[in-house]
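Here is the structure we will look at.
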Number of protein chains: 2
Amino acid sequence: MVKKQKDQTTEQVILAAAKKVFVQKGMAGARMQDIADEAGINKALLHYYFRNKEKLFEVIFLEAAEKLFPKINAIFEADRPLFEKIENFCDEYISIVMDNPYLPLFVLNEINQDPEYFLKKVWAGKAKPNPVKFLEQMEKEVKKGTIKKINPMHLLMNLLSMTIFPFIAKPMFQKNLGMGEAQFRIAMEERKKEIPRFIIDSIKK
Amino acid sequence: MVKKQKDQTTEQVILAAAKKVFVQKGMAGARMQDIADEAGINKALLHYYFRNKEKLFEVIFLEAAEKLFPKINAIFEADRPLFEKIENFCDEYISIVMDNPYLPLFVLNEINQDPEYFLKKVWAGKAKPNPVKFLEQMEKEVKKGTIKKINPMHLLMNLLSMTIFPFIAKPMFQKNLGMGEAQFRIAMEERKKEIPRFIIDSIKK
DNA sequence: ATTTTTGTTAACCATTTGGTTAAATCGTAT
DNA sequence: ATACGATTTAACCAAATGGTTAACAAAAAT
């Protein structure tokens with residue numbers, strides 16, 4: 001049960017409980033009763049603060065999405081040398097996700113189950129990622145001759161894959177490689193440097 | 001609705017329908033009625049063939065897992081040069097997953113929601129992946145001086161990430177990069193060669 | 001042909017689940 | 001104190017959902 005800290009408002013307690021339950025069980029698997037129990041409150045109180053399950057879910061989901069996507073967008077927008085961008089991205093993104101290791105799977109799973117909802121709710125007015133700048137920067141570097149010829153789309157996929165996937169497959173990696181929580185954290189910490197090195201080694205001439 | 005082809009047994013029709021519904025909605029979100037409708041049969045008939053939802057799910061889930069994991073295991077076991085292993089893995093694995101693009105997310109998601117179930121059911125008697133051989137092979141190559149010094153665990157994570165993640169983030173990539181179904185297939189087809197090249201460029205001396 | 005087994009269905013049942021209501025409690029301004 | 005709005009709860013409700021039953025149809029065995 002989520003302990004109600006002093007100065008924590010009931011709404012915050014509910015949100016914390018809802019996040020925990022939704023992220024673990026997903027929209028469909030989550031029970032309003034579970035969330036109420038987790039928050040240590042009556043089920044009716046949930047509906048007092050958030051009209052219904054859908055509304056509550058939306059708050060949690062959007063918060064999660066807002067935590068994950070803007071940072072990805074930033075690697076397109078930033079006005080920095082390519083290699084530096086890559087290094088910054090890995091460092092910052094892994095830091096973010098390490099504090100919320102289950103968010104990526106949660107978000108991607110819900111997107112998968114209803115892509116339209118996501119498209120409408122998350123990328124409605126917000127800045128839909130625009131890869132053009134990143135693409136151009138790649139082209140420029142290729143022409144300058146600083147990096148090998150590579151399809152920017154694949155490079156982007158590689159970068160995102162190596163950064164995010166280990167968190168999505170976390171339980172699998174842990175079970176299979178016999179990693180505990182601490183070892184996993186260490187490994188992810190290492191990847192902040194490992195991934196950029198791996199990428200740069202691959203594309204630099 | 002799943003059309004009942006001539007010579008398709010009812011059980012197969014049910015399994016096809018169940019797979020479709022389970023993979024799209026997950027265990028919790030799937031409704032027995034949906035599966036029945038999809039299969040074009042009565043709901044009671046589901047329980048005639050498969051005692052209950054859990055049993056039916058187990059069949060689908062295990063089938064999915066069996067399709068995804070043995071191939072991963074093979075890259076550890078195979079007795080081939082490292083670079084060749086990597087090339088083979090990407091080629092074969094992407095081929096498998098292209099025929100079932102939604103399986104990885106489905107399986108990883110369910111594992112995440114109940115890792116113990118997975119551990120017990122899938123890796124019960126079956127060959128639990130054993131990374132030792134792969135690790136040794138890496139060490140050998142490093143000592144031979146054919147590749148750079150790299151932590152095998154990270155290399156493994158990189159390989160699996162780049163191969164699998166694009167399918168997990170498929171809707172996201174499609175929406176964001178404006179890819180249709182065909183373009184996505186083309187991109188994945190490219191990755192069969194792109195990923196090995198990317199990796200080998202990175203680690204070869 | 002008829003009995004028996006297998007496959008299939010409509011109707012039904014019990015439980016779960018999201019959501020509502022009306023009463024009670026708490027905090028606070030008067 | 002007391003009135004009043006905000007907060008919280010117990011009890012309740014209707015719909016959805018997994019599962020069962022008993023009857024019926026089709027196929028196979030006798």
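Model, not experiment: these values are computed from the prediction. In what follows, every chain begins at residue 1, and chains take the letters A, B, ... in the order their sequences are listed.
Within the 4.0 Å cut-off from OP1 or OP2 of C/dT8, at least one side-chain nitrogen or oxygen of B/Y49 is found. For B/T10 and C/dT8, the shortest distance from a side-chain N or O to OP1 or OP2 is below 4.0 Å. A close approach under 4.0 Å does occur between a side-chain nitrogen or oxygen of B/Y48 and OP1 or OP2 of C/dG7.
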Under 3.5 Å, which protein N or O atoms sit close to an N or O of nucleotides 17-23 of chain C? Give each pair with its distance.
from, atom 1, to, atom 2, distance (Å)
C/dT17, OP1, A/R31, NE, 2.8
C/dG18, OP1, A/A30, O, 3.3
C/dG18, OP1, A/R31, NH1, 3.0
C/dG18, OP1, A/K53, NZ, 3.2
C/dG18, OP2, A/M32, N, 3.0
C/dG18, N7, A/K43, NZ, 3.3
C/dG19, OP2, A/K53, N, 2.7
C/dG19, N7, A/K43, NZ, 2.7
C/dG19, O6, A/K43, NZ, 2.4

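What separates CD of A/Q12 from P of D/dT7 is a distance of 14 Å, to the nearest Å. Straight-line distance from the CZ atom of B/F50 to the C1' atom of D/dG18: 16 Å, rounded to whole Å. Atom pair A/D34:CG and C/dT16:C1' shows a separation of 11 Å (rounding to whole Å applied). Between the C1' atom of C/dT25 and the CD1 atom of A/I41 lies a distance of 16 Å, rounded to the nearest Å. Between the CZ atom of B/F57 and the P atom of D/dG19 there is a distance of 14 Å, rounded to whole Å.
Residues in residues 46-60 of chain B take part in these salt bridge (Lys or Arg N to Asp or Glu O under 4.0 Å) pairs, two or more places apart or across chains: B/E58-B/K121.
With sequence neighbours excluded, no residue satisfies salt bridge (charged side-chain N to carboxylate O under 4.0 Å, His left out) with A/E190. Here B/K133 pairs with nothing under the salt bridge (charged side-chain N to carboxylate O under 4.0 Å, His left out) rule; sequence neighbours left out.
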Scan the side chains in residues 94-107 of chain B for donor-acceptor partners under 3.5 Å anywhere in the protein, sequence neighbours excluded, and list what turns up.
from, atom 1, to, atom 2, distance (Å)
B/S95, OG, B/D91, O, 3.1
B/S95, OG, B/K192, NZ, 2.8
B/N100, OD1, B/K19, NZ, 3.0

Show me the side-chain donor-acceptor pairs of residues 165-185 of chain A shorter than 3.5 Å, one per line, residues at least two apart or across chains.
from, atom 1, to, atom 2, distance (Å)
A/K170, NZ, A/E181, OE2, 2.5
A/Q174, NE2, A/G180, O, 3.4
A/K175, NZ, B/E116, OE2, 3.2

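A donor-acceptor pair under 3.5 Å is absent between the side-chain atoms of B/E110 and the main chain of B/G26, judged by distance alone.
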